[in-house]
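The structure appears right after this line, and notes come after that.
To find a chain, count down the sequence lines: A is the first, B the second, and so on, and within it residues start at 1.
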2 protein chains.
Amino acid sequence: MSQGVEWALHTCLNLTWLDTPAPAGVLAAFYELPPAYLNKQLQALVRAGILTSVPGPRGGFQLARAPETISLLDIVTAIEGPEELLRCDQILNKGPGSHAGVDYRQSCAFAQAMRGADLAWRRELAAKTVADIRADVTRLHPSSSADTRARIDALR
Amino acid sequence: MSQGVEWALHTCLNLTWLDTPAPAGVLAAFYELPPAYLNKQLQALVRAGILTSVPGPRGGFQLARAPETISLLDIVTAIEGPEELLRCDQILNKGPGSHAGVDYRQSCAFAQAMRGADLAWRRELAAKTVADIRADVTRLHPSSSADTRARIDALR
DNA sequence: GGTCTCCTACTCGGATACATAATGTCCGAGTCCCCACGG
DNA sequence: CCGTGGGGACTCGGACATTATGTATCCGAGTAGGAGACC
């Protein structure tokens with residue numbers, strides 16, 4: 001799975017502490033990431049409606065909606081795309097009892113099982129929001145909010 | 001996720017109908033797959049202890065143990081490797097409050113959440129065995145056993 | 001002093017290279033089967 | 001007729017190309033902000 005997912009998750013969390021846009025360069029410097037490449041990932045989050053971008057000076061990225069409404073699944077699908085974990089190519093079509101017009105994504109027993117596992121995975125990810133993570137972090141490290149804001153301002 | 005997983009799943013199911021080894025070429029022709037590449041995937045299943053291979057004429061691959069003891073997870077991990085879906089690179093180490101000696105695979109809230117989803121996925125896959133799939137298929141298509149055996153023999 | 005204009009610096013956004021892993025192919029080592037030969 | 005040895009064909013196994021995907025980079029379009037000139 002793409003490494004950009006991890007970057008996107010942490011960056012979204014960092015953005016929850018802020019109330020003004022932060023440029024991609026600053027967000028990248030936070031974890032010493034390649035700035036242009038993080039920018040690319042953030043663009044995907046913008047397309048998914050998770051972030052909004054403002055160009056020009058004092059511009060950057062910020063959350064498009066409340067952290068409570070952003071699930072981890074939203075971020076993962078924004079980066080990785082909507083395809084399920086195992087893309088079923090319906091090789092049964094090439095098999096012996098292949099009837100044209102049959103959708104083996106539905107009838108194939110393996111596809112059903114894999115889809116079930118895929119749904120379980122997505123259910124877990126959909127249940128956890130960025131706000132939940134922020135609450136967990138705040139509980140363990142109450143200074144995170146101030147620390148993050150300070151560091152962002154220092155890099156700005 | 002690698003396409004070889006789908007091939008391995010269906011091939012293992014086909015092998016449950018047989019009691020003699022089947023060569024990779026025959027198993028590949030069953031679904032019109034590239035023979036040498038399927039061979040490569042089957043080698044991984046052998047290394048994982050799911051199949052056994054016998055060389056020479058009348059040789060090929062066969063199940064190493066009862067289908068009831070082969071879970072879908074076994075096959076997936078044999079092909080894809082044991083890594084979890086999202087490999088956490090601990091980018092927090094580069095962050096502000098990074099304390100050396102802390103394993104962020106454990107403490108990072110995102111890593112925990114992703115690990116939970118990963119476990120849910122694996123639990124689903126581990127619960128379903130090749131024998132379960134075979135039972136499902138037999139229920140819907142009782143002729144599958146004879147059909148598969150006949151086709152394998154025809155290709156042999 | 002206030003206001004308008006222009007210019008500069010800064011940002012995102014997409015088009016462009018590079019690296020890595022998945023996919024696909026090929027040939028060699030080992031093994032079994034079959035057949036011919038000898039007893 | 002039966003046992004035995006050798007040749008041939010078949011199989012896996014790993015080493016070698018090729019393609020696709022993820023990773024990384026660069027430059028252009030657009031915008032806000034500020035400096036300077038003019039009223």
TODO: For A:Asp147 and A:Ser144, test the side chains for any donor-to-acceptor distance below 3.5 angstrom and give the result as yes or no.
DONE: no
Sorted by chain and number, sequence neighbours left out, side-chain hydrogen bond (donor to acceptor under 3.5 Å, both in side chains) with B:Thr129 holds for B:Asp132
The complete set of side-chain hydrogen bond (donor to acceptor under 3.5 Å, both in side chains) pairs with one or both residues in residues 6-15 of chain A, sequence neighbours excluded, reads A:Gln3-A:Glu6, A:Asn14-A:Tyr31
Between A:Ile50 and A:Asp74 the two heavy atoms that sit nearest each other are CD1-O, 3.6 Å
Taken to the nearest whole Å, CD1/A:Ile79 to P/D:dT21 is 18 Å
Heavy-atom closest pair (B:Arg65 atom, B:Gly49 atom, distance to 0.1 Å) is NE-O, 3.3 Å
Given protein heavy atoms under 4.0 Å, the one-letter contact record of nucleotides 8-22 of chain C, with B base, S sugar-phosphate only and - none, is simply --BBBBB--------
Taken to the nearest whole Å, CG/A:Leu38 to P/D:dC26 is 16 Å
